[in-house]
Student: 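Mind looking over this structure? Questions follow.
This is a predicted model, so every value here is computed, not measured. Below, read A as the first sequence line, B as the second, and so on, with proteins coming before strands; counting in each chain starts at 1.
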Amino acid sequence: MKIVFPFFAVIALVLLAFAGVKVANLQFLFGVIIPYVAAATFIIGFVIRVLKWGRSPVPFSIPTTAGQQKSLPWIKQNKLDNPSGTMGVIGRMALEVLFFRSLFRNTKTELHEGPRLAYGSEKFLWLAGLAFHWSFLIIFVRHFRFFMGQVPAAIQMIEGVDSFFQIGAPLLYMTDVVLLAAVSYLIFRRLAMPLIKYISLPADYFPLFLIFGLGASGVIMRYFAKVHIVGVKQLVMGLISFSPVIPEGIGVVFYIHLFLLSILLIYFPMSKLMHMGGVFLSPTRNMPNNSREVRHINPWNYPVHVHTYEEYENDFRDKMKKAGLPVEKE
Amino acid sequence: MYNGGKIIVGLVVFIALFAFPFYYNIGKAMEKPEPKTDTPAILQWEKEHGKKECVESKEFMRSEHMQLLNDWRDSVVRNGDRIYTNAAGKQFTMSLQNTCMNCHSNKKEFCDKCHNYMAVKPYCWGCHIQPKENKS
């Protein structure tokens, strides 16, 4: 059920877009209204979610300390794994965001006969995750040829590198293959490993199936059931200049692709996909380990009245003098 | 809000990036590309046959011409087969320069129109000689 429901949900979305365009002729709904709603939901939802996180207090200084902390001058500090200043935090965060450094340290636990417990390195999740995210980023950037009147040389260069092998016509993009392969692995991983399967929820499968559908529909309309691509750009340019047009004869695969993208954008702010913004707000990564230099004030702290020694002395000065105890003030 | 300054700077950067296409194109009107099919050879064909037609239907050519050209290249260069039979059973010589460009002699007004609009750079002219056109 945990797998079947999200799987058929994505199938249903595809069929919905297909029927909506092919049977009911709702091109304007699927080509204009839903994309606008999706873009607005994405951006507003994203901002609300981040602001909500920003209002959550961080009670303690909890950076992960994965190396030697700043200490005496003759002890070498591990500046990236145990940063004590802003530059170190930026370095650690950049490595985390760009190369998933903490996932690289992923380990697996195995119970062998004996019984004997073994720990080992597990790099495939890191590798597939990195391949997936980087291909997705390159594909996203490449799509800007549909969003810009004059396509900048930088984007054309990325496209040129991506289609470097000049396979077929239109040229095969390497990232298309890598993305689908990586997403397939990420799905397969959840299904094949019993421990991972046990903890996987519909919210884990749904984005994977959705992104696979998105990628697959893109691949289909580029290489197989080709669409009227000039019409697609006209539609997109119409959307971003707020004068929407629906050119004739674009092809239904494009509307399926656009609908899956819209669903992804709507789903994004209310799902685990928000790790895109959340990674920057992880206290274990974005705090410097400087708790001995700077006192971290817990925002929850109730203003406790502290009875200082001065006040104590004021209360008992006479009695203290009588007993012959030394006092600070006479 | 805690660390409000940094979070708001982050959000502003995020919105600026996301909204980039919306403000990038302001004031840069981009008209729809209209590839021109009015060369003398095409007009002559229209006079003789009563209509403009390519080797396949317009819709097919619009979405599949790159595939067709790729297949033609493979057929001619690798198999030495220069005869193409279209959906209607009519035969043509597979040749970019002698068949395609015979009618579509206006590369700048035909090929380049959509290719530039979509930022597509076909590598046809890496091997073939680009037609010399009089700048009109």
Student: Which residue out of A:Tyr223, A:Phe280, A:Phe242, A:Trp53 racks up the most heavy-atom pairs below 4.5 Å with chain B?
Tutor: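 Most pairs with chain B among the choices: A:Phe242.
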
Student: Does A:Phe224 have more than 12 heavy atoms from other residues, nucleotides or ligands lying within 6.0 Å of its CZ?
Tutor: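 Atom CZ in A:Phe224 is not packed in, count stays at 12 or less.
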
Student: List the atom of A:Val230, the atom of B:Pro33, and the distance in Å for their closest heavy-atom pair.
Tutor: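 Heavy-atom minimum between the residues: CG1-CG, 3.6 Å.
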
Student: I'd like to know whether NZ of B:Lys90 has more than 12 heavy-atom contacts from other residues, nucleotides or ligands below 6.0 angstrom.
Tutor: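 Correct, the count exceeds 12.
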
Student: Report yes if some heavy atom in the side chain of A:Ile43 is under 4.5 Å from a heavy atom in the side chain of B:Phe14; otherwise report no.
Tutor: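 Result yes, sub-4.5 Å side-chain heavy-atom pair found.
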
Student: Might you point out which heavy atoms bring B:Tyr2 and A:Ser56 nearest each other, and give the distance in Å?
Tutor: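 Closest approach of B:Tyr2 to A:Ser56, heavy atoms only: CD1-O, 3.5 Å.
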
Student: Side chain, backbone, both or neither: which part of A:Val232 has an atom under 4.5 Å from a heavy atom of chain B?
Tutor: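 Contact with chain B is absent: no heavy atom of A:Val232 under 4.5 Å.
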
Student: Flag yes if more than 12 heavy atoms outside A:Phe164 fall under 6.0 Å of its CZ atom; otherwise flag no.
Tutor: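 Open.
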
Student: Does B:Asn3 reach the side chain of A:Leu281, with side-chain heavy atoms less than 4.5 Å apart?
Tutor: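 Counting from C-beta outward, B:Asn3 and A:Leu281 never come under 4.5 Å.
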
Student: Heavy atoms only, distances under 4.5 angstrom: which of A:Glu159, A:Gln166, A:Gln156, A:Arg145 has the most pairs with chain B? Name it, please.
Tutor: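 The answer is A:Gln166.
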
Student: Heavy-atom distance under 4.5 Å to chain A: side chain of B:Tyr24, backbone, both or neither?
Tutor: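 For B:Tyr24, the contact with chain A is made by the side chain alone.
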
Student: By a 4.5 Å heavy-atom criterion (distance strictly below it), what part of A:Ser163 contacts chain B: side chain, backbone, both, or neither?
Tutor: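 Neither; nothing under 4.5 Å.
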
Student: If you count heavy-atom pairs within less than 4.5 Å of chain B, which of A:Met237, A:Lys233, A:Gln150, A:Arg55 leads?
Tutor: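 If we count pairs closer than 4.5 Å to chain B, A:Lys233 comes out on top.
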
Student: Is the number of heavy atoms from other residues, nucleotides or ligands under 6.0 Å of A:Met270 CE greater than 12?
Tutor: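 For A:Met270, atom CE is crowded (more than 12 foreign heavy atoms under 6.0 Å).
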
Student: More than 12 non-hydrogen atoms from neighbouring residues, nucleotides or ligands closer than 6.0 Å to CD on A:Glu248, yes or no?
Tutor: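 Counting neighbours around CD of A:Glu248, 12 or fewer heavy atoms of other residues, nucleotides or ligands fall under 6.0 Å, so no.
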
Student: Output the option from B:Gln67, B:Arg62, B:Lys6, B:Met66 having the highest count of non-hydrogen pairs under 4.5 Å with chain A.
Tutor: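 Max contact count across the listed options: B:Arg62.
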
Student: Is chain A contacted by the side chain of B:Ile15, its backbone, both, or neither, given a heavy-atom distance below 4.5 Å?
Tutor: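 Contact with chain A involves both backbone and side-chain atoms of B:Ile15.
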
Student: Is it the backbone or the side chain of A:Met148 that comes under 4.5 Å from a heavy atom of chain B, or both, or neither?
Tutor: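 Both parts, backbone and side chain.
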
Student: Measuring heavy-atom distances to chain B, does A:Met221 have an atom under 4.5 Å in its side chain, in its backbone, in both, or in neither?
Tutor: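 For A:Met221, no heavy atom lies under 4.5 Å from chain B.
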
Student: So with a 6.0 Å cut-off around CG of B:Leu17, is the heavy-atom count from everything else above 12?
Tutor: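 More than 12 within 6.0 Å, yes.
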
Student: Can you say whether B:Tyr123 sits under 4.5 Å from chain A via the side chain, the backbone, both, or neither, judging by heavy atoms?
Tutor: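 Side chain of B:Tyr123 only, per the 4.5 Å heavy-atom cut-off to chain A.
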
Student: Heavy atoms only, distances under 4.5 angstrom: which of A:Leu171, A:Ile155, A:Val58 has the most pairs with chain B? Name it, please.
Tutor: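 Most pairs with chain B among the choices: A:Leu171.
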
Student: For A:Phe140, which atoms come within 4.5 Å of any heavy atom of chain B: side chain, backbone, both, or neither?
Tutor: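 Answer is neither: A:Phe140 stays 4.5 Å or more from chain B.
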
Student: Quick one: does A:Phe46's side chain get under 4.5 Å of B:Phe18's, heavy atoms only?
Tutor: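 Side-chain contact under 4.5 Å: no.
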
Student: Return the minimal non-hydrogen interatomic distance between B:Pro21 and A:Ile240, and the atom names on each side.
Tutor: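 For B:Pro21 versus A:Ile240, the nearest heavy atoms are O-CD1, 3.7 Å.
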
